[in-house]
Amino acid sequence: MKAAVWMGKKKMEVQTVADPSILNPRDCIVKVTATAICGSDVHLYNGLVPTLEKGDILGHEFMGEVVEVGSAVKTTRVGDRVVVPFTIACGACSHCVRTEWSCCDNTNPNAHVAEALIGYSPAGLFGFSHMSGGYAGGQAEYVRVPFADVGPIKIESDIPDEKVLFLSDVFPTGYMAAENCNIVPGRSVVAVWGCGPVGQFAIRSAFLLGAAKVIAIDSIPERRALAEKAGATAIPSGDDVMETLKAMTGGRGPDAAIDAVGMEAHGSTYDDVKQALKLETDRPFALRQAMRCVRKAGTLSVPGVYAGFLDNVPFGTVMNKGVTIRTGQTHVQRYLHPLLELVEKKKIDPACIITHRVPLSQAPEAYAMFADKTDGCIKVVLDPSR
Amino acid sequence: MRAVTIRRPAAELYAFWRDVENLQRVIKDPVSIIALSADESHWKVTAPTGSVEWDSLIINDEPGALIAWRSREGADVRNAGSVRFVAAPGDEGTEVTVALEYDPLGGALGKLVAKLTGDDPGLQVYIALKRLKALLESGEIPTTEGQPVGEPQASAKGKK
């Protein structure tokens with residue numbers, strides 16, 4: 001089959017690889033009908049995530065048709081049309097039972113590697129480095145999906161792929177980010193750093209949860225325009241964001257701040273240099289600014305991905321203002337059914353963020369375009385059949 | 001000392017471990033375990049460069065709570081260990097704690113044992129405990145062995 005393979009920093013290839021097969025009794029094989037490039041794929045693409053290896057198949061946003069099931073699969077059936085969460089969860093450990101799906105104890109075969117680096121191992125993830133399990137990703141014609149009865153959600157209606165594909169990651173990720181803000185309907189003001197796909201869904205989710213006002217911060221005009229379409233007030237990023245936010249909130253500051261940027265923020269030469277020299281794993285410009293800008297006793301919600309160690313993080317401001325920080329990989333399985341219902345009731349159209357539809361065979365060019373944010377690119381959907 | 005918490009009752013975990021041949025499923029290295037009697041078993045761990053063998057004897061057995069063992073005279077690797085099963089707080093399950101001590105010989109056998117156990121024999125114990133937890137909680141042990149992979153890994157692993 002064809003698959004998009006990472007071949008080193010800023011280098012993707014479409015290769016012909018073996019088809020996947022059932023390896024464990026609760027697996028299924030999905031024939032991928034649509035897959036997307038995620039912002040976190042860009043961190044992988046840029047070589048910033050440890051333990052990714054040349055030859056790894058990327059992709060953790062995908063959906064398709066179940067074509068084979070393992071001997072212990074009970075509810076998922078061949079022919080089912082499913083969207084697959086990027087977080088692989090067993091459904092039986094105490095984290096899964098408490099719906100902390102992205103913290104599943106049992107799906108990372110390399111858990112000891114993650115533990116050596118970060119203390120404990122989160123769940124295995126598709127296409128996301130060997131410390132996250134080393135599972136082959138879904139930017140391919142077929143993909144093996146462990147725990148077929150736990151993760152994949154069956155789509156019963158004939159709703160198009162593009163409207164449900166993002167249940168795999170970015171929609172639940174934006175939604176959980178907004179939910180983590182403790183929004184008080186009609187009162188809360190939420191500031192969102194980053195108007196990429198996760199930021200766009202965070203903005204829309206904040207409104208769905210009743211935010212009085214959403215302020216969106218991004219340096220790219222077309223991303224600000226898409227945020228404004230959702231009802232947000234968009235401002236350019238820069239050093240004067242604090243003053244602008246104070247002016248827009250009667251001096252209080254936003255009740256909640258969402259960092260939907262993560263480890264590759266722009267705006268700080270200090271971080272550019274230190275990351276390039278590998279003296280710092282992450283460029284936390286947006287995080288620092290969000291920490292300073294959020295109001296006293298406010299909430300900082302961090303869906304943005306960070307890999308390791310951050311310099312000059314103003315923790316004193318977090319402590320002295322009494323800021324609550326909420327973060328984590330998304331507990332995708334928790335949100336699948338409620339968010340599918342929102343889509344089916346037309347409360348939100350997730351396809352609104354798609355700017356490019358590209359054959360899988362052109363994945364290398366699509367990665368470069370998305371990473372460099374050229375041609376107005378906000379979200380790329382890949383078609384594995386072409 | 002290595003520990004995991006498994007969301008299953010102590011009695012079930014004890015019963016799985018007490019039937020020592022079951023441990024072949026959770027120890028990642030190639031291992032053959034044959035029960036010789038209720039309390040005795042023969043162990044053989046194989047590596048490309050050779051193998052080590054010993055007979056193991058259960059010396060303390062508290063149903064649902066503790067199993068302790070030691071190798072018999074003549075073992076390639078003298079070893080002794082124990083596993084304890086203690087109820088965790090609330091509904092967390094059972095805390096499973098393993099202590100293992102071994103006394104490898106020098107020379108070629110010693111080198112072989114070092115190769116089998118890596119720099120950290122405790123890590124091998126821990127990996128086995130994680131696999132035990134996955135098997136008994138979720139019904140299977142997570143793996144990516146045999147999945148598709150691109151070049152250059154495919155050629156390197158000879159499994160494209």
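Numbered from 1 within each chain, the chains take letters A, B, ... in sequence-line order.
Both the backbone and the side chain of A/Ser94 have a heavy atom closer than 4.5 Å to some heavy atom of chain B. Looking at A/Val97, the atoms closer than 4.5 Å to chain B (heavy atoms on both sides) all sit in the side chain, from C-beta outward. With a 4.5 angstrom heavy-atom cutoff, A/Glu115 touches chain B only via side-chain atoms. Residue contact with chain B, scored on non-hydrogen atoms closer than 4.5 Å, involves the backbone and the side chain of A/Ala136 alike.
The minimum heavy-atom distance linking A/Ser21 with B/Gly146 is given by the pair OG-O, 4.4 Å. Across B/Pro152 and A/Lys54, no two heavy atoms sit closer than the pair CD-O, 3.6 Å. Closest of all the heavy-atom pairs between B/Pro142 and A/Asn106 is CG-O, 3.2 Å. Nearest approach of B/Arg7 to A/Ala92, heavy atoms of both residues: NH1-O, 2.7 Å. Pairing each heavy atom of A/Arg144 with each of B/Thr143, the nearest pair is NH1-O, 2.9 Å. Summarising the geometry of B/Thr144 relative to A/Pro109, their closest heavy-atom pair is CG2-CG, 4.3 Å, with the distance given to 0.1 Å.
Environment of CZ in B/Arg25: sparse, with no more than 12 heavy atoms of neighbouring residues, nucleotides or ligands closer than 6.0 Å. Residue B/Arg131 places its CZ atom among more than 12 non-hydrogen atoms of other residues, nucleotides or ligands, all under 6.0 Å distant. Under a cut-off of 6.0 angstrom, the local environment of CD in B/Glu101 is sparse, with at most 12 non-hydrogen atoms contributed by other residues, nucleotides or ligands.
The greatest number of non-hydrogen atom pairs below 4.5 Å with chain B, out of A/Asn110, A/Val5, A/Ile88, A/Asp56, is found for A/Asp56. Top candidate by heavy-atom pairs under 4.5 Å with chain A, chosen from B/Ile6, B/Ile127, B/Asp91, B/Thr5, is B/Ile127. When each of A/Val150, A/Leu23, A/Ile57, A/Asn108 is checked for heavy-atom pairs under 4.5 Å with chain B, A/Leu23 comes out on top.
Looking at B/Lys130, its side chain does come within 3.5 Å of a backbone N or O of A/Asp105 through a donor-acceptor pair. Although no hydrogens or angles enter the test, the distance criterion places a donor-acceptor pair under 3.5 Å between the side chain of A/Asn24 and the main chain of B/Ile141. In this structure a side-chain-to-backbone donor-acceptor pair under 3.5 Å is missing from A/Arg26 to B/Gly139. Side-chain atoms of B/Gln147 come within 3.5 Å of backbone N or O of A/Gly134 as a donor-acceptor pair.
Counting heavy atoms from C-beta on, the side chains of B/Val149 and A/Val17 never come closer than 4.5 Å.
Applying the ring-ring contact (aromatic ring centres under 6.0 Å, His included) test to pairs two or more places apart or on separate chains, those with a residue in residues 9-68 of chain A are A/Tyr45-A/Tyr367, A/His60-A/Phe86, A/His60-A/Phe128, A/Phe62-A/Phe126.
One distance of note links SG of A/Cys93 with NZ of B/Lys133; it measures 6.0 Å at 0.5 Å rounding.
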